Every structure is written in structure tokens, then in C-alpha cells.
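Structure first, commentary second.
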Amino acid sequence: METYQFTNEKTLDQFNEMIAAKKRNGFVIIEHNEKLPYVVLSKEKKSINHFLHLFLTCITFGLWAIVWVYLIVTLSRKKNILVAVDEDGNLFEDKCLSA
């Protein structure tokens, strides 16, 4: 059986830099495979202080509700992403489905 090398040193360095940047952004490694270079990263959902946002919405006559809804949509769910190198040696990032 013949094995093929799809990655080179430059691609692996970019791959490791991308993983390091994601980890600095709050992601945690769930699964890592060195043979087929891919990593599954996860970021937990953040809690929102709803009382504070309700107070700010009342003070700004409802304008703060736009920010509040945006925060609810973006921060209240868990994020899983896949960072990998494809067979052409290109880096890519994709969303993973979470249960």
C-alpha cells in the first residue's frame, strides 16, 4: 500500500498557527489527528446578564434591545469548528454540528 504526503512544512506551520490563534480566541481542542492533519475545536457558550440588558433597554427607550438580541444569538450557543488540511494541501475551516 502506497502512502501519499499531502502536506509540507509551510502548510503544517500555517496549520499550527491557525490552531494557536483559535486557542487564544477561547477555543479548546476536542480531537486532534496528526496523521490526517485535522483538529476539532470547541468554544462553550457564554452567559448573558439579562437583568443588566433589561435595565439598559429601559434606559435607552428600547434601542439597547438590538444589542441584546444580537448577543443572545451570537453568544448563547456552543461553537464547534473543524480546522484541517485537504488533499491538495490547502487549509480550511468548517463548522461542525453540535448535539
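As the structure is a prediction and not an experimental result, all values here were calculated from the model.
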If two hydrophobic side chains count as joined below 4.5 Å and joins carry through other members, does [X] share a cluster with [Y]?
{"X": "Leu75", "Y": "Phe27", "value": "no"}
{"X": "Val85", "Y": "Ile19", "value": "yes"}
{"X": "Leu91", "Y": "Val39", "value": "yes"}

Can you measure from [atom1] ([X]) to [atom2] ([Y]) and round to the nearest 0.5 angstrom?
{"X": "Glu34", "Y": "Leu12", "atom1": "CD", "atom2": "CG", "answer": "8.5 Å"}
{"X": "Leu56", "Y": "Asn49", "atom1": "CG", "atom2": "CG", "answer": "9.0 Å"}
{"X": "Lys22", "Y": "Ile29", "atom1": "NZ", "atom2": "CD1", "answer": "12.5 Å"}
{"X": "Thr57", "Y": "Leu52", "atom1": "OG1", "atom2": "CG", "answer": "9.0 Å"}
{"X": "Leu41", "Y": "Ile81", "atom1": "CG", "atom2": "CD1", "answer": "5.0 Å"}
{"X": "Gln14", "Y": "Thr11", "atom1": "CD", "atom2": "OG1", "answer": "5.5 Å"}

Those residues that, when tested against Ser42, pass side chain to side chain contact (heavy atoms under 4.5 Å, CB included) (two or more places apart):
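Only Ile30, Glu44, Lys78, Asn80 meet the side chain to side chain contact (heavy atoms under 4.5 Å, CB included) criterion with Ser42.
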Which heavy atom of Phe15 sits nearest a heavy atom of Val83, and at what distance?
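Nearest pair, atom of Phe15 first, then Val83: CE1-O, 3.5 Å.
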May I ask you to list the residues sharing a hydrophobic cluster with Val69, side-chain cutoff 4.5 Å, ordered by chain and number?
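Result for Val69 is Val73.
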Heavy-atom check, side chain of Ile59 versus side chain of Trp64, under 4.5 Å
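Not touching, per the 4.5 Å side-chain cut-off.
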Side chains of Asn25 and Lys43, heavy atoms from C-beta outward: is any pair under 4.5 Å?
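A side-chain contact under 4.5 Å exists here.
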Check against side-chain contact (heavy atoms from CB on, under 4.5 Å), His50 and Ile72
CA-CA 9 Å; His50 291 287; Ile72 288 171; 4.0 Å; yes
Evaluate the ring planes of His53 and Trp68, with Trp represented by its six-membered ring, and classify them as parallel (under 30°), tilted (30 to 60°) or perpendicular (over 60°).
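It falls in the parallel class, under 30°.
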Residue Ile66 excluded, over 12 heavy atoms near CD1 under 6.0 Å
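Open.
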Around Phe92, counting heavy atoms of other residues, nucleotides and ligands shown, do more than 12 lie under 6.0 Å from its CZ?
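Yes.
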Any donor and acceptor pair, going by atom type alone, linking the side chain of Asp88 with main-chain N or O of Asn90 inside 3.5 Å?
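Side chain of Asp88 to backbone of Asn90, a donor-acceptor pair under 3.5 Å: no, none is there.
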